[in-house]
**Q** 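Let me begin by handing over the structure; questions about it come next.
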Amino acid sequence: MEKRGVCVKGIKNKRYVITVSYGDYTLNVGGTDKFILSQQRMLNENGISLIHIFPVLRVLKRQMNSGKVWGVMMDGVFRSLTDTYGIVSMIDKLQRKERNLIAFILHHLKDTSIKEISRILRSTDAEIIMYLHDYYTICPESGLLRDYHDFCGITFPNDDKCKGCSCFDGETTGQINRIKKLLKGLADRISFIAPSKSLADNWLKAYPEFRERITVVPHQKCVGEYCENMERIPDSEPLRIAYVGYQAPHKGWNEWADAAEKAFRAGKNYKFFHMGVCSESRSYIQQINVDFHSDINGMTKVLRDNRIDCAVLWSMVPETYSFTLYEAYSANCFILTNSLSGNIAYVVRDKGNGIVAESSNDLSELLLDEEGLRKRINQFRDKKKYGPYKLEENDAIVDILAGYKSGCKITVERFSFVDCLMKPLLLLYTPLEMLRRRKNR
């Protein structure tokens, strides 16, 4: 067994967790990736290492359909490619070196083989935590959008509901059935964390059997009060309006682009910004790239530095948390959203710091009514309901893990002939993959 597993020299602490998602969180830009990066840093600060595994779909330009190939990272550093049995033998090797697994933390199952992740989870008796970052456990179209555009409800896919939807194929129900079977089989050792009450309430409509196993833990804690950017805005000054986040149709980019263009052509006294990653530019929208990999609080900083009056968070899907929501809140931005946006709409209604439009098509109407928008923003500022001075990562997971035992029973399966053939290929490709990553950074 000693020669089989991943090299374990990169692990820094005697206690560790194994996290699972769809990819390398140090390269990707989504909210899930941002959260895993924050979690890794927080756990490291508390003496816990984080080993991250993710499915690798191509090796040497060859499509890998087995689901057995995994990328392995240790405390944020890519270490190797291996297969399912290599992961299990790594756990075994670490335990014999007095490095103890506390828990598996499932962040996302997209692109993973449910069969292979089940083998890994069942190889030990360690506790399992699943974070609910979206609705992938209900439908592979994790935003619950028909044809990637229209919200279709919080129910499992089926032939009647999904007939004609471009997101639906013969594999859709198969994947969900495998996920349901996996969760049911792990019911005695799995718990769920939802970052918002709105998500927990929605998810339990599909999985009521886990009502006693779900806990609401916001990703961040709001600390103190930020008292700037709350002065009344005179009519002579342009309203500073920003689309916040990366460019994507399900985030409302198309609605924003259309509304901003109409307002610009109508001569409204606005200054437009886009804070985030964008593949297109417009002369009347100032682009400010924000990368949380280099600065985890970068978005809050640019919103404050540019004194943004109004943040557009026009998500077309029921957001489960939304980092950009809290970043805009912490800069005292007035928020424009719509009723489909999940936790964004829930918080804006609760805080009274914006407008929740009934229709996703209402953004143009809101921006074309400059007088009405100014009035609403100034009314909000007059109330002096400040956002937080800073956002701190919620360290509740540290306390949760402290209640778990260290070390676990491990069962290592025998290697098949196919597995033995895979090993030299992965050993060969690992240094090439490391080189490719250095060039892409």
Side-chain angles (χ1 to χ4, degrees), residues 30-31 133-135 142-145 149-154 195-199 201-202 218-220 222 229 239-260 262-263 270 272-276 285 290 299-300 303 308-370 372-381 383 385 387-388 391:
H133 292 287
D134 56 27
Y135 293 98
S142 57
L144 304 178
L145 295 176
H149 189 270
D150 299 317
F151 178 62
C152 59
I154 303 169
S196 67
K197 186 178 184 300
S198 62
L199 167 59
D201 291 345
N202 285 336
H219 291 332
Q220 297 163 299
C222 297
N229 199 32
L239 289 181
R240 303 168 72 83
I241 302 174
Y243 173 98
V244 184
Y246 61 90
Q247 175 187 349
H250 70 280
K251 297 293 186 181
W253 174 264
N254 295 334
E255 287 73 14
W256 152 257
D258 181 62
K262 288 178 179 177
Y270 298 152
F272 290 119
F273 297 80
H274 174 209
M275 312 299 196
I285 300 178
V290 182
M299 184 66 79
T300 299
L303 289 170
I308 298 302
D309 304 315
C310 180
V312 176
L313 302 176
W314 207 257
S315 180
M316 311 292 284
V317 299
E319 295 288 348
T320 57
Y321 180 73
S322 179
F323 281 100
T324 54
L325 162 67
Y326 288 93
E327 288 158 344
Y329 175 39
S330 68
N332 288 330
C333 299
F334 187 78
I335 295 169
L336 299 184
T337 191
N338 66 79
S339 59
L340 295 178
S341 63
N343 195 51
I344 299 176
Y346 181 91
V347 171
V348 169
R349 288 191 181 108
D350 180 60
K351 304 294 183 184
N353 62 339
I355 296 173
V356 180
E358 287 305 312
S359 170
S360 60
N361 297 318
D362 288 347
L363 184 56
S364 291
E365 183 179 336
L366 289 171
L367 292 189
L368 287 171
D369 182 12
E370 180 185 339
L373 184 56
R374 282 181 179 276
K375 180 178 179 181
R376 293 290 297 271
I377 293 174
N378 281 327
Q379 287 174 342
F380 158 68
R381 292 187 167 205
K383 294 177 182 178
K385 292 185 176 180
L391 298 169

**Q** I'd like to know whether Leu145 forms a side chain to side chain contact (heavy atoms under 4.5 Å, CB included) with Val317, so could you lay out the CA-CA distance, the side-chain angles of the two residues, the decisive distance to 0.1 Å, and finally the verdict.
**A** CA-CA 7 Å; Leu145 295 176; Val317 299; 3.3 Å; yes
**Q** Give the minimum heavy-atom separation between Met316 and Asn338, together with the two atoms involved.
**A**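 So the two residues come closest at SD-ND2, 4.4 Å.
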**Q** What is the minimum heavy-atom distance between Phe272 and Ala263, and which atoms define it?
**A**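 What the structure gives for the nearest pair is CZ-CB, 3.9 Å.
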**Q** For the pair His274 (side chain) and Tyr246 (backbone), establish whether a donor and an acceptor sit closer than 3.5 Å, ignoring hydrogens and angles.
**A**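 Side chain of His274 to backbone of Tyr246, a donor-acceptor pair under 3.5 Å: no, none is there.
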**Q** Quick check: closest heavy atoms across Pro388 and Cys222, and the distance to 0.1 Å?
**A**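 Nearest heavy atoms, Pro388 then Cys222: CB-CB, 3.6 Å.
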**Q** Please find the pair of heavy atoms, one from Leu336 and one from Cys310, that lie closest to each other, and give the distance.
**A**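 That would be CG-SG, 3.5 Å.
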**Q** Using the rule given for side chain to side chain contact (heavy atoms under 4.5 Å, CB included), can you reason through Val348 versus Tyr329, listing the C-alpha separation, both sets of side-chain angles and the distance that settles it, and then say yes or no?
**A** CA-CA 9 Å; Val348 169; Tyr329 175 39; over 6 Å; no
**Q** Looking at Thr320, is its backbone amide N or carbonyl O close enough to the side chain of Ser196 to form a donor-acceptor pair, meaning the two atoms are under 3.5 Å apart?
**A**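 Yes; judged by distance alone, with no hydrogens or angles, the pair exists.
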**Q** So, Asn202 side chain and Ser198 main chain: donor-acceptor pair closer than 3.5 Å or not?
**A**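 Checked: pair present.
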**Q** State the CG-OH distance between Leu391 and Tyr326, to the nearest 0.5 angstrom.
**A**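 Result: 9.5 Å between the selected atoms.
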**Q** For the SG atom of Cys333 and the CD1 atom of Ile241, what is their distance to the nearest 0.5 Å?
**A**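 Reported to 0.5 Å precision, the distance equals 11.0 Å.
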**Q** Side-chain contact, heavy-atom cut-off 4.5 Å: Met275 with Met299?
**A**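 They are in side-chain contact.
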**Q** Any Lys/Arg nitrogen of Glu319 or Lys251 sitting under 4.0 Å from an Asp/Glu carboxylate oxygen of the other?
**A**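 Result for this pair is yes, salt bridge flagged.
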**Q** Rounded to the nearest 0.5 Å, what's the gap from NE2 on His250 to OG on Ser315? Could you check?
**A**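 So the NE2 of His250 and the OG of Ser315 are separated by 6.5 Å.
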**Q** For the side chain of Asn229 and the backbone of Ala331, is there at least one donor-acceptor N/O pair under 3.5 Å apart?
**A**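 A pair under 3.5 Å: yes.
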**Q** Look up atom OH in Tyr346 and atom OG1 in Thr337, then write down how far apart they are to the nearest 0.5 Å.
**A**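 Between atom OH of Tyr346 and atom OG1 of Thr337 there are 15.0 Å.
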**Q** Side chain to side chain donor-acceptor pair (under 3.5 Å) with Glu255: which residues, sequence neighbours excluded?
**A**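 Residues passing side chain to side chain donor-acceptor pair (under 3.5 Å) with Glu255: none at all.
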**Q** Starting from the C-alpha separation in whole Å, work towards a yes-or-no answer on side chain to side chain contact (heavy atoms under 4.5 Å, CB included) for Leu373 and Phe334.
**A** CA-CA 10 Å; Leu373 184 56; Phe334 187 78; 4.2 Å; yes
**Q** Report the distance from atom OH of Tyr270 to atom CG of Leu367, rounding to the nearest 0.5 Å.
**A**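 Answer rounded to 0.5 Å: 5.5 Å.
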**Q** Holding to salt bridge (Lys or Arg N to Asp or Glu O under 4.0 Å), I want the full list of residues that pass it with Asp369, two or more places apart in sequence or in another chain.
**A**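 Residues passing salt bridge (Lys or Arg N to Asp or Glu O under 4.0 Å) with Asp369: none at all.
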**Q** Starting at CD1 of Ile355, measure out to CZ of Arg349 and round the result to the nearest 0.5 Å.
**A**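 Atom-to-atom, Ile355:CD1 and Arg349:CZ are 12.5 Å apart.
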**Q** Excluding sequence neighbours, so at least two apart, what forms salt bridge (Lys or Arg N to Asp or Glu O under 4.0 Å) with Asp309?
**A**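 Result, salt bridge (Lys or Arg N to Asp or Glu O under 4.0 Å) vs Asp309: Arg381.
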**Q** Please report the closest heavy-atom contact between Ala345 and Ser341, naming both atoms and the distance.
**A**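 Distance-wise, the nearest heavy atoms are N-OG, 3.1 Å.
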**Q** Under the side chain to side chain contact (heavy atoms under 4.5 Å, CB included) rule, what do Asn353 and Phe380 come out as? Steps first, then yes or no, please.
**A** CA-CA 6 Å; Asn353 62 339; Phe380 158 68; 3.5 Å; yes
**Q** Going by the side-chain contact (heavy atoms from CB on, under 4.5 Å) test, name the single residue among Leu325, Val347, Val356, Thr324 that passes it with Ile335.
**A**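 The side-chain contact (heavy atoms from CB on, under 4.5 Å) with Ile335 is passed solely by Leu325 among Leu325, Val347, Val356, Thr324.
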**Q** Looking at Lys262 and Ser364, what are the two nearest heavy atoms and their distance?
**A**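 Nearest heavy atoms, Lys262 then Ser364: CD-OG, 3.7 Å.
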**Q** Above 12 or not: heavy atoms from other molecules or residues under 6.0 Å from CD of Glu365?
**A**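 No.
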